[in-house]
Protein chains: 2
Amino acid sequence: MPIDREHVLRSAAALLTRRSTATMDEVARAAGISRATLHRQFAGRDALVRALEELGIQECEAALDAARLDEGTARDAVRRLVREFEGAAGLIAFLYTENQLFEGEEQNAGWARVDARVAALFRRGQESGEFRIDLTPAWLTEALYGLCASGAWAVSEGRVAAKDFQYMIVELLLGGALRREGS
Amino acid sequence: MPIDREHVLRSAAALLTRRSTATMDEVARAAGISRATLHRQFAGRDALVRALEELGIQECEAALDAARLDEGTARDAVRRLVREFEGAAGLIAFLYTENQLFEGEEQNAGWARVDARVAALFRRGQESGEFRIDLTPAWLTEALYGLCASGAWAVSEGRVAAKDFQYMIVELLLGGALRREGS
DNA sequence: CTCTGATGAGACGTTGACGTCTCATTCGGG
DNA sequence: CCCGAATGAGACGTCAACGTCTCATCAGAG
């Protein structure tokens, strides 16, 4: 039975989320395996990061599926989406910043799919009249990623309680800081 | 006449904002000086990053001063603050993610000052009844940084127009994605 | 002009992480 | 019990970036 590749990826994600410059040696030790075995599974650091990218995309698409974005009001769909994203928030934060490093190269096609589905949700909310139309879906998508990353870091450094993660993000994203006059 | 240290810092900031892993050699060439001269001014990469941190803190504090956070409504103060932050957004993005790398070490005391002033603004808005009280000032502060970083990246990759930077951030931060029923 | 100090170009050694390799050990199936 | 495949430990060479150093050049002050 081969070593649990899934487990290696999980622990690598957990470690690289906290310290994105961690060594292959540290990654291996975090997974409880030797560096040699780590290299037997992933040809190199690039391969590992790419595998993590695939994992992140899978998690995001699973979250998108689980959130059933087409059902109910757009705002409830956003709430469900953020809830589903929470588990992958650290991984998203890692990959989101990691992607800034690739200047020219085109990014993994999977992200385009994820982006498109998230943006479609915001567009649906705009067309139904729930969301304001002066904030573009592309920006709302970007902001969602950014807030997830900020939230994950804030939680990991104790500036925000873990149990508030979802609430803080959803409420800020949907309602903003201003008090509502009406509802 | 010594080389314009300010200019070196500016170009280093511009480069590292786009690619945070840029080489000392690239930093030097971007500034139009030789690697030797770069090392004569900054003992090493650490020193350079720390100098950039100081620069970022200065820019933030200058922005905080210019925004006159105590005057007028809190929401207008936030608008002014984001406007003043725009020029430093790339640098903020770089330093914000860079800070995630220092796990245990305490961060530069300057950030604590900046954080405190930003958080105080949000707290003022809460006490005046403008802002909702279920989002903590610490989280709003964090979210502001995160949105600035997301905005800077989105602009640099063409997903958001540069002229919309300020508007997108302020409107999302203050008002959120939902349409207002009342005003 | 001359002297001084700063600069650019580049060589040099060091370091840390990487990727490969070997070999002993271990674990599980037959 | 025995065998083979997978693992762990670690040695080894490679490489890129770093930091230091030297030296020729250049510009400006006196």
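Since we're looking at a predicted model, the values are computed, not measured. A note on names: the letters A, B, ... follow the listed sequences, proteins ahead of strands, and every chain is numbered from 1.
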Which distance, rounded to the nearest 0.5 Å, do you find between the CD of B:Glu53 and the CG of B:Asn99?
5.5 Å
A:Asp25 CG to D:dA11 P, in whole Å, measures 13 Å
Which is more 5' along DNA chain D, the nucleotide nearest A:Leu38 or the one nearest B:Thr23? Just name the residue.
A:Leu38
Between A:Arg10 and A:Glu6, does any NZ, NE, NH1 or NH2 come within less than 4.0 Å of an OD or OE carboxylate oxygen?
yes
Base D:dG19 paired with B:Arg35 side chain (donor-acceptor, <3.5 Å)
yes
Between the base of D:dG19 and the side chain of B:Arg40, is there a donor and acceptor pair under 3.5 angstrom?
no
Could you state the CZ-C1' distance from B:Arg5 to C:dT7, rounded to the nearest angstrom?
18 Å
Where the side chain of A:His39 is concerned, which of D:dG8, C:dG8, C:dG19 is the nearest nucleotide?
C:dG19
Listed partners of A:Glu98 passing side chain to side chain donor-acceptor pair (under 3.5 Å), at least two apart
none
B:Trp153 and A:Tyr96 aromatic ring geometry - parallel, tilted or perpendicular at 30°/60° bounds:
perpendicular
Spacing of B:Gln41 atom CD relative to D:dT20 atom P, expressed in whole Å
15 Å
How do A:Ser34 and B:Met24 order along DNA chain D: which one's closest nucleotide is nearer the 5' end?
A:Ser34
Spacing between B:Leu48 atom CG and D:dA17 atom P, to the nearest angstrom:
16 Å
State whether A:Thr37 places a side-chain N or O below 4.0 Å from either non-bridging phosphate oxygen (OP1 or OP2) of D:dT7.
no
Round to a whole Å and report the spacing from CZ of A:Arg45 to C1' of D:dA16.
15 Å
Here the distance between atom P of D:dC18 and atom CZ of B:Phe42, to the nearest Å, is 15 Å
Rounding to a whole Å, what distance do you find between A:Asp46:CG and C:dA17:P?
17 Å
